[in-house]
Amino acid sequence: LRGSLFRLFSMSLQTPVRSVRFINGKVYTGSFEEFGYWEPDASGRLLYNSLVSKLEGIDIRNEEFWRIEYHEGAIYFQSFGSLFRYENDRLYEVLLPGSMLFLIKSADRLFIQQIDGGLFEIIGGSLHLVEGSNFFADTEIKSILNLSKEKFIVGTSSKGVYQFNGSSWQPWDNQVQRLLIESKINNGLRVGDNIVFGTILNGLFILDIEGKMLTHLHSGNSLQNNTVLALASDKENNLWVGLDKGLLS
């Protein structure tokens, strides 16, 4: 039975693992001042291969690598102060305008927001400012969900949800906008024809594509607590929710 047996593999220095991503048969992880990948040996035991030695003198002291994403044939490792692209067994530093928030992938496009700044898209290994996005400088972009290849809805920590059509931004006017602002969006996910927002204060909201609320799960009806730290879906469109206390499926 899948998921019934677990084995623990620790980093050699016992540092906490901050990010995990399975890409093309390898398990990539990010940690404190460290990132790399795990591969099974002949007996099936996972062995760790560090990529930090490929940095060639670049200083990553006190950096923790919180995000790993696969994009345009390369793997990106991101801390708040550094971003590296791993491609053809070589590491390249991506120049940043300042400290950054988390990488977000949507519709085969990769985005990242500057702290106290606008939204950038990573194209060809470099950052390009998304036009008109500087008004997000006083909030944090927590999710970018595609409605189509050129149309997105963007969830923020304190300003609710916006629509972006590739050239302009508009508030996503619907019945739950005020409630989402008050609840503080922390992450988002599109699952089939539904949109899911996890919040810091008020659990989980499941909406249809137009923004009509279908379900609101919280500590008063089904969740162990109201802080949603992670969202994921599987091939069967089952929703997995990582909470401040526990895991829900």
Side-chain angles (χ1 to χ4, degrees), residues 3 6 16-21 29-30 64-69 78-80 99-106 111-113 115-116 119 135-147 152-164 169-249:
F6 295 87
V17 175
R18 298 302 192 187
S19 53
V20 180
R21 184 73 70 181
T29 58
E64 296 196 70
F65 289 86
W66 293 90
R67 286 290 188 271
I68 301 169
E69 291 289 353
Q78 183 238 331
S79 68
F80 292 132
S99 297
M100 311 299 283
L101 294 168
F102 297 125
L103 283 170
I104 301 175
K105 190 166 186 180
S106 182
F111 301 92
I112 190 169
Q113 184 190 4
I115 294 177
D116 299 325
L119 182 68
F135 76 97
F136 288 117
D138 60 348
T139 191
E140 296 181 0
I141 293 174
K142 293 294 189 175
S143 66
I144 302 174
L145 309 177
N146 64 297
L147 301 181
F152 298 85
I153 55 172
V154 178
T156 71
S157 61
S158 61
K159 299 177 74 169
V161 183
Y162 284 78
Q163 295 184 86
F164 179 59
W169 301 87
Q170 297 292 333
W172 196 38
D173 293 324
N174 58 61
Q175 62 178 206
V176 294
Q177 178 76 292
R178 175 51 54 183
L179 187 55
L180 289 172
I181 292 173
E182 295 170 352
S183 302
K184 298 190 180 298
I185 291 172
N186 193 43
N187 39 54
L189 184 69
R190 180 167 176 181
V191 183
D193 291 329
N194 294 334
I195 292 169
V196 182
F197 287 114
T199 70
I200 293 293
L201 301 177
N202 206 3
L204 192 71
F205 294 85
I206 301 177
L207 317 174
D208 67 14
I209 210 74
E210 301 298 327
K212 179 181 178 181
M213 180 142 70
L214 303 175
T215 306
H216 177 204
L217 304 178
H218 51 83
S219 61
N221 57 23
S222 60
L223 301 186
Q224 295 184 39
N225 74 298
N226 280 328
T227 302
V228 179
L229 299 180
L231 295 172
S233 62
D234 57 28
K235 293 180 180 179
E236 287 75 38
N237 277 339
N238 295 311
L239 177 64
W240 294 80
V241 184
L243 302 173
D244 194 35
K245 297 179 182 178
L247 179 70
L248 175 72
S249 173

Worksheet item: Would a 4.5 Å heavy-atom cut-off, applied to side chains only, mark Leu147 and Ile209 as touching?
Response: yes

Practice prompt. With sequence neighbours excluded, give me every ring-ring contact (aromatic ring centres under 6.0 Å, His included) pair touching residues 173-209.
Written response: Phe205-His216

Discussion item. Does anything in residues 153-162 form a side-chain hydrogen bond (donor to acceptor under 3.5 Å, both in side chains)? List the pairs, not counting sequence neighbours.
Written reply: Asp138-Lys159, Thr139-Ser157, Thr139-Ser158

Worksheet item: How would you list, by chain and number, every residue that makes a side chain to side chain contact (heavy atoms under 4.5 Å, CB included) with Gln177, sequence neighbours excluded?
Response: Val161, Pro171, Trp172, Asn174, Ile181

Fill in: Heavy-atom donor-acceptor pair, Gln113 side chain to Phe136 backbone, under 3.5 Å
yes

Practice prompt. Identify, with sequence neighbours excluded, every residue that meets side chain to side chain donor-acceptor pair (under 3.5 Å) alongside Trp66.
Written response: none

Worksheet item: What is the minimum heavy-atom distance between Ser143 and Gly188, and which atoms define it?
Response: CB-N, 3.4 Å

Fill in: Spacing of Arg21 atom CZ and Glu69 atom CD [to the nearest 0.5 Å]
4.0 Å

Practice prompt. Give, for atom CD1 of Ile112 and atom NZ of Lys105, the distance between the pair rounded to the nearest 0.5 Å.
Written response: 14.0 Å

Worksheet item: With sequence neighbours left out, what residues match Leu189 under side chain to side chain contact (heavy atoms under 4.5 Å, CB included)?
Response: Val191, Leu231, Ser233, Leu239

Item to complete: Using a strict 4.0 Å threshold on nitrogen-to-oxygen distance, state whether Glu64 and Arg18 make a salt bridge.
Response: yes

Response to the item:
Residue set satisfying side chain to side chain contact (heavy atoms under 4.5 Å, CB included) with Ser219, at least two apart, ordered chain then number -> Asn226

Fill in: side chain to side chain donor-acceptor pair (under 3.5 Å) partners of Ser19, counting only residues at least two apart
none

Practice prompt. To the nearest 0.5 angstrom, please state how far the CD atom of Glu210 sits from the CD1 atom of Ile195.
Written response: 8.5 Å

Fill in: Atom of Leu204, atom of Leu223 and distance for their closest heavy-atom approach
N-CD1, 4.1 Å

Worksheet, complete the sentence: Here the pair of heavy atoms bringing Leu179 nearest to Met213 is CD2-CE, 4.3 Å

Discussion item. Within the supplied structure, the quantity of interest is the number of heavy atoms (other residues, nucleotides, ligands) at a distance under 6.0 Å from Lys184 NZ; does it exceed 12?
Written reply: no

Worksheet item: To the nearest 0.5 Å, what is the distance between OG1 (Thr227) and CG (Asn202)?
Response: 10.0 Å

Worksheet item: Just by distance, do the side chain of Glu140 and the backbone of Asn186 share a donor-acceptor pair under 3.5 Å?
Response: no

Discussion item. Between Asn187 and Lys142, is there a side-chain heavy-atom distance shorter than 4.5 Å?
Written reply: no

Discussion item. Please enumerate all residues that pass side chain to side chain contact (heavy atoms under 4.5 Å, CB included) together with Asp193, with sequence neighbours excluded.
Written reply: Arg190

Worksheet entry | Listed partners of Arg67 passing salt bridge (charged side-chain N to carboxylate O under 4.0 Å, His left out), at least two apart | none

Item to complete: Over all heavy atoms of both residues, which pair between Asn221 and Leu217 is shortest? Give the atoms and the distance, please.
Response: OD1-CA, 3.6 Å

Item to complete: Not counting sequence neighbours, which residues clear side chain to side chain donor-acceptor pair (under 3.5 Å) with Thr199? List them please.
Response: none

Item to complete: Would you check if Ile144 and Leu119 make a side-chain contact, meaning some heavy-atom pair closer than 4.5 Å?
Response: yes

Worksheet item: Roughly how far apart are Gln78 CD and Phe65 CZ, rounded to 0.5 Å?
Response: 9.0 Å

Discussion item. Within the structure provided, determine whether Ile68 and Val20 are in side-chain contact (heavy-atom separation under 4.5 Å).
Written reply: no

Worksheet item: What pairs with Asn237 under side chain to side chain donor-acceptor pair (under 3.5 Å), at least two apart in sequence or on another chain?
Response: none

Fill in: Euclidean distance, Leu103 CG relative to Phe111 CZ, rounded to 0.5 Å
11.5 Å

